[in-house]
Amino acid sequence: MNNWIVEPELVACAVIALLLCFSREKRLAPTLQSRIYRACLFFALFSIALNIITIALLRTPGRLPYALNYLLNLLYFIFVGLMELALTLYVMYLIQGRNRCFARAVWVCGALQAAFLALAATNHLTGLLFTLEDGGAYRRGPGNRAIYLLLVAYSALVAFCYLRQRREVSRQVRRVIRVLPLVALLMGMVQYCFPDVMMSGSVMACILLVLFLNFQSRRQRTDSLTGLGSREGFFDTAEQLFARGRPFYCIGITLRHFSEVNNKLGHTGGDQVLCAVAEYLEAFGRRGNVCRLDGAEFALLLPDQEEEAGAALLRRLADRFAQPWLQGKNIRLEARLVGVRCPEHGKDANELALHLEYGDMQLKKQPGTCLMCFGDDEQAALQRRNEVKALIERSMAQGGFEVVFQPIYDCAKKRFCTAEALLRLRDEQGEPVRPDEFIPLAEEFGLIVELDWMVLELVCGFLQQNPDLPIEAVSVNFSVQQFEEQDAAGRVLRTLARHGITPSRLKLELTERVLARDLPRTSRVLQQLCDGGVGLYLDDFGTGYSNLASVARLPLEAVKIDKSLLVEAQKSPETALLLDAVVRTFHTMGRRVVLEGL
């Protein structure tokens, strides 16, 4: 024991001291994960230092008073146990996060540690861990290996939790957990080959370095361009603020049309503008935390801010964005500013982020720099939005949608000849949900394509089951998203053939947005549908992009005039003349005209 080489332990102390310096969070609130990691570093540093000191004392017995010598050896065992506890809790936190399972693991680890501390506290009576003779000579006790048994128990607990929740563990955590035993095994082999070299501290330093590089490096939580907190840092800091249980205010800032700045100044100039905004926000929120969430999105987390003070800060920010950025270049920016009071409007970081995104989405409808204080009305609207989204998904899975048919009167034939298929939805109480509410949501969440094809299937099924209906055809809306599919025309024709429907009995209504896309491709797809016998209607003419020239080039059977034009014609003689001229022009071109809203 007196011949041990401790130089590797000195190197391990230096490595851990460096990790302590680099793991310190300056800009962001320390998270529970960071605090546990720093506890690992402190306990490891103290245990290695005590190990070096006690080994040095063994070489010169009797140099210190017996009581002090005994205390140093006892503290070594205590700090090694605490180091094992902190490392176990850190890995458990990586596996489970801060949930009930983690809380139960804390209790189990605490019980094991309490038992070991009780063993250490009574060592002067039992001598189970070690004894010191009067001359200072060290003797191992029969329970000296209890510190290793404690490590085995902790490792078994980690392995149990990992195997139980391995499907929920991130790929990075899985990779590190697989690497750590290999690191320990490799160091153990080195120790076996060189038994006189003290390696226990080096093993711990290697493990802590691996954890630092993968999970604790500030690069993981810091934006490389601005030096602000990253998106991950935002979530970590927000969770920490929620855990404190004290109120705080969050402000989301999104720069509008920032691509125009990049086009004007180049990406290097754009980066300078972002850094200028970041510098201002950091000074503005010096008592809080500032993070860059994405390219031109920032967030401020301001602890202990009342709602009125937060609203005042929003107005100050709006005033600042009315002024130019970068002296000499006169760069002006517009921003969308969303303020959220927590925990009233958010129970965790994920919900807070959703509220910021919702507020930003609503502000997109307004021009220029604009702001929103997320309150009860916005909370209710967001809740309604989520309820309707869930209702759409549930209805699509369970067949809860229904199709109704609106007849269309033919003035020449003096009877109802065709009908338009309209999609309808009801909630659990049987109350109707407005189409202008659920259809935009279906588009936003990427459900509209599946919904539109479902409508086509329902209509074809209805026509198949009712071949003797006294109508010539049914028209169905055909969305832009459907139109952009690679084989849109072929899918329509195959659906008709599968149900045994004559193609002429189906009319597809295209919005004016379709015509604003790739016109050559549009013409090609429409011609394929027309050659297959499907009739084509242009819907909502007069509200967007279409013009008479494009209508003339496309194989359209009919044009539907939007009801807003008809309403305006009733108020304005000039609009009435325009409407009359448009209808006559379409008739001359051989296109039928459908007036909506009569």
Participant: Leu510 versus Tyr537: any side-chain heavy-atom pair under 4.5 Å?
Facilitator: no
Participant: Do Phe321 and Ile253 have side-chain heavy atoms sitting under 4.5 Å apart?
Facilitator: yes
Participant: What pairs with Met396 under side-chain contact (heavy atoms from CB on, under 4.5 Å), at least two apart in sequence or on another chain?
Facilitator: Ile392, Phe401, Leu447, Glu450, Leu451
Participant: Inspect the contact between Arg591 and Glu557 and indicate whether a charged nitrogen and a carboxylate oxygen are less than 4.0 angstrom apart.
Facilitator: no
Participant: Identify whether the distance between the nearest side-chain nitrogen and carboxylate oxygen of Glu431 and Arg426 falls below 4.0 Å.
Facilitator: no
Participant: Distance only, no hydrogens: is a donor on one side chain within 3.5 Å (strictly under) of an acceptor on the other, for Ser572 and Glu574?
Facilitator: yes
Participant: Is the closest basic N to carboxylate O distance between Arg341 and Glu344 below 4.0 Å?
Facilitator: yes
Participant: Any side-chain heavy-atom pair from Glu378 and Leu382 closer than 4.5 angstrom?
Facilitator: no
Participant: Taking the side chain as everything from C-beta on, heavy atoms only, tell me whether Glu509 gets closer than 4.5 Å to Leu538.
Facilitator: no
Participant: Under the salt bridge (Lys or Arg N to Asp or Glu O under 4.0 Å) test, which residues partner Lys413, sequence neighbours left out?
Facilitator: Glu472
Participant: Grab the two heavy atoms, one from Arg246 and one from Pro343, that are nearest each other, plus how far apart they are.
Facilitator: O-CD, 4.4 Å
Participant: Using the six-membered ring of Trp453, assess whether NZ or CZ of Arg491 lies under 6.0 Å from its centre and within 45 degrees of the ring axis.
Facilitator: yes
Participant: So do Leu317 and Phe284 actually touch side chain to side chain, heavy atoms under 4.5 Å?
Facilitator: yes
Participant: Ignoring hydrogens and angles, state whether a donor on the side chain of Asp539 or Thr511 is under 3.5 Å from an acceptor on the partner side chain.
Facilitator: no
